[in-house]
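Residue numbers start from 1 in every chain, and the chains themselves are labelled A, B, ... in the order their sequence lines are given, proteins ahead of strands.
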Amino acid sequence: MADWKTLLAPHPRVRLLVQGAPVADGSCVLYWMQRAQRAKANPALNLAIALGNSLKLPVWAVFGLTPSYPEAQRRHYRFLIEGLVDTQADAAQLGVPLVVRLGDPPAVVLKAVEESRPAVVVGDENPVRIGQCWRAKVAESLSQRARPIPFPVVDADVVVPSSLFPKEEYAARTIRPKIHRVLHEWLKPLPVIKAKTPWPTDESGQGGPPQGEPITVEHLMGQIRVGGVGEVPNYPGGTREAERRLQRFVAQRLARYGKDRNEPIPYMTSELSAHLHFGHISPLTIALAVQKEAEEAGVAAETKASVESYLEEMIVRRELAINFVARNPKYDSLAGCPDWARATLAKHANDPRPKLYTATQLERAETHDPLWNAAQKEMTLTGRMHNYLRMYWAKKILEWSPDPETAFAVALDLNDRYEMDGRDPNGYTGVAWAIGGKHDRPWSERPIFGTVRYMSYDSTRRKFDSERYIAYVRGLERGGSLPLGD
DNA sequence: ATCGGCTCGCGCAA
DNA sequence: TGCGCGAAGCCGAT
């Protein structure tokens with residue numbers, strides 16, 4: 001069994017936010033689960049368990065659930081809580097109790113530290129601003145104690161650790177070769193480790209296992225009482241559902257993914273982005289399952305090409321998006337976009353806008369464009385939008401808004417509140433790509449867009465079966481009004 | 001149906 | 001310093 005020094009030695013996937021030796025008379029190891037909301041293939045939980053086994057201490061996990069996460073809506077909370085049910089069960093299999101407490105996450109964690117006196121606190125990485133802020137608060141408090149508590153944070157939700165890309169990457173072409181150079185080192189399954197040191201069960205009440213009620217969805221939903229955008233039927237969160245979707249993708253869709261991923265109906269994609277967003281499944285688990293298909297004997301060339309293009313999307317482009325959010329503090333505004341794009345948009349700021357829609361008109365899908373309206377309604381009704389249309393949707397918001405800053409804010413707000421994977425690095429990057437030319441190059445100059453790439457309804461119709469898609473969304477609408485925010 | 005130009009800047013070769 | 005080429009396209013020429 002590795003000793004703690006080995007476990008806390010420098011590693012690309014681990015940042016030691018508070019350094020030092022485990023607290024000598026600590027009574028446990030505490031894992032603060034933030035981003036990686038799963039017990040399977042979770043290297044942060046693995047580190048906590050390995051440290052517990054090494055120090056002969058029991059391990060517990062705490063999740064702080066705040067009812068005031070920015071922009072989060074009822075549909076997101078239900079999805080998240082459904083995930084916690086699976087995760088509590090899976091963690092118990094590993095000998096780790098998972099306790100969910102309501103409140104501001106740093107406060108929840110620090111209270112858990114007071115009551116259980118851990119030797120080490122383990123965290124996981126989350127590149128968005130609020131995640132960085134929460135971790136900084138916890139790190140500061142842990143470091144300023146009379147006996148500082150070491151606080152390693154594990155980059156659990158990327159295949160290739162993001163520390164290998166310390167600067168903001170300019171485009172996919174700059175990060176792609178760096179990823180491919182080292183990918184083979186990271187495309188390896190994680191071990192399954194169980195906690196070996198049981199919680200004491202003495203009668204005194206001292207040092208007993210942390211008391212966490214079994215999570216039930218309705219109970220927690222009742223406790224947090226959040227409003228906002230309504231829930232989505234038939235779109236459950238959790239590791240179990242993520243595994244189902246992965247199986248479905250590999251068995252039924254992968255072979256055709258390369259060719260047919262833009263098919264409107266049925267989707268040929270994995271539809272795992274929300275589960276990835278909440279950490280219900282590891283991108284490593286997905287990558288290994290998909291890659292295995294390419295290695296089967298006698299596999300069709302088409303399947304091999306599909307695997308390649310899927311891994312390009314799920315590793316290169318997803319991790320580029322994470323790099324953008326982690327390294328550019330202005331990731332959620334036009335200010336985070338490249339100079340050439342901001343200059344050209346400014347030059348065209350006073351171009352007449354033949355069509356102008358307010359945020360409310362857009363939210364209600366009340367534009368002249370049936371394809372755009374269908375995409376907006378699909379998102380509102382189902383919590384997701386066809387990948388191909390996400391680009392078109394955001395570019396039209398630029399075209400129909402008084403200025404690019406407003407367009408950026410409106411697109412991001414709709415994305416964050418309605419998409420089940422809202423507030424994900426992919427969403428920030430998608431809007432920045434469409435409106436601010438992020439990771440893109442200039443094209444022919446034209447009104448409003450300047451040299452930012454343009455997309456047109458007519459051309460979209462050539463590459464995409466718009467009629468079929470519009471009819472499909474009309475079917476979704478039947479018999480119900482849009483679940484708009486309150 | 002296919003092709004080239006559009007337009008900027010990174011990263012590598014030299 | 002020069003040069004190739006690029007997160008998902010558009011448009012007009014052929």
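- Centroid-to-centroid, the aromatic rings of A:H348 and A:F449 stay 6.0 Å apart or farther.
- In this structure, A:F79 has its ring center closer than 6.0 angstrom to the ring center of A:Y235.
- Within residues 402-413 of chain A, no residue has a heavy atom under 4.0 Å from DNA chain C.
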Let me see the working for A:V250 and A:L246 under side-chain contact (heavy atoms from CB on, under 4.5 Å), right down to the final yes or no. CA-CA 6 Å; A:V250 169; A:L246 176 57; 4.1 Å; yes
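- Nucleic acid contact class of A:T429 (heavy atoms, under 4.0 Å, all strands): base.
- Contacts of residues 161-181 of chain A with DNA chain C (heavy atom under 4.0 Å): A:A172, A:R173, A:R176.
- Using a 4.0 Å cut-off between charged nitrogen and carboxylate oxygen, A:E295 and A:K292 do not count as a salt-bridge pair.
- Between A:Y472 and A:Y469, the ring planes lie tilted relative to each other; the angle falls in the 30° to 60° range.
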Show your working on side-chain hydrogen bond (donor to acceptor under 3.5 Å, both in side chains) between A:R135 and A:Q132 and close with a plain yes or no. CA-CA 5 Å; A:R135 269 198 312 282; A:Q132 304 279 14; 2.8 Å; yes
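- Helical stems in DNA chain B, defined as runs of 3 or more consecutive Watson-Crick or G-U wobble pairs with donor-acceptor distances under 3.5 Å: B:1-6 with C:9-14, B:8-13 with C:1-6.
- Here the range on DNA chain C touched by chain A, meaning any atom under 4.0 Å from one of its heavy atoms, is C:dG6 to C:dC11.
- Formation of a donor-acceptor pair under 3.5 Å by the A:H275 side chain with backbone atoms of A:P236 is found in this model.
- As judged by a 4.0 angstrom heavy-atom cut-off over every strand, A:W433 is placed among the base-contacting residues.
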Could you walk me through whether A:D369 and A:Y392 pass side-chain hydrogen bond (donor to acceptor under 3.5 Å, both in side chains), step by step? CA-CA 11 Å; A:D369 178 337; A:Y392 177 78; 2.5 Å; yes
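- Seen from the ring of A:Y331, A:R129 counts as a face-on cation partner, given the 6.0 Å and 45° thresholds.
- For DNA chain B, the contact window with chain A, defined by any atom under 4.0 Å from a protein heavy atom, covers B:dC6 to B:dG11 in 5' to 3' order.
- Residue A:M391 is in base contact, counting any heavy-atom pair closer than 4.0 Å across all strands shown.
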Sequence neighbours left out, cut at 3.5 Å: what donor-acceptor pairs do the side chains of residues 179-189 of chain A make with other protein atoms?
none

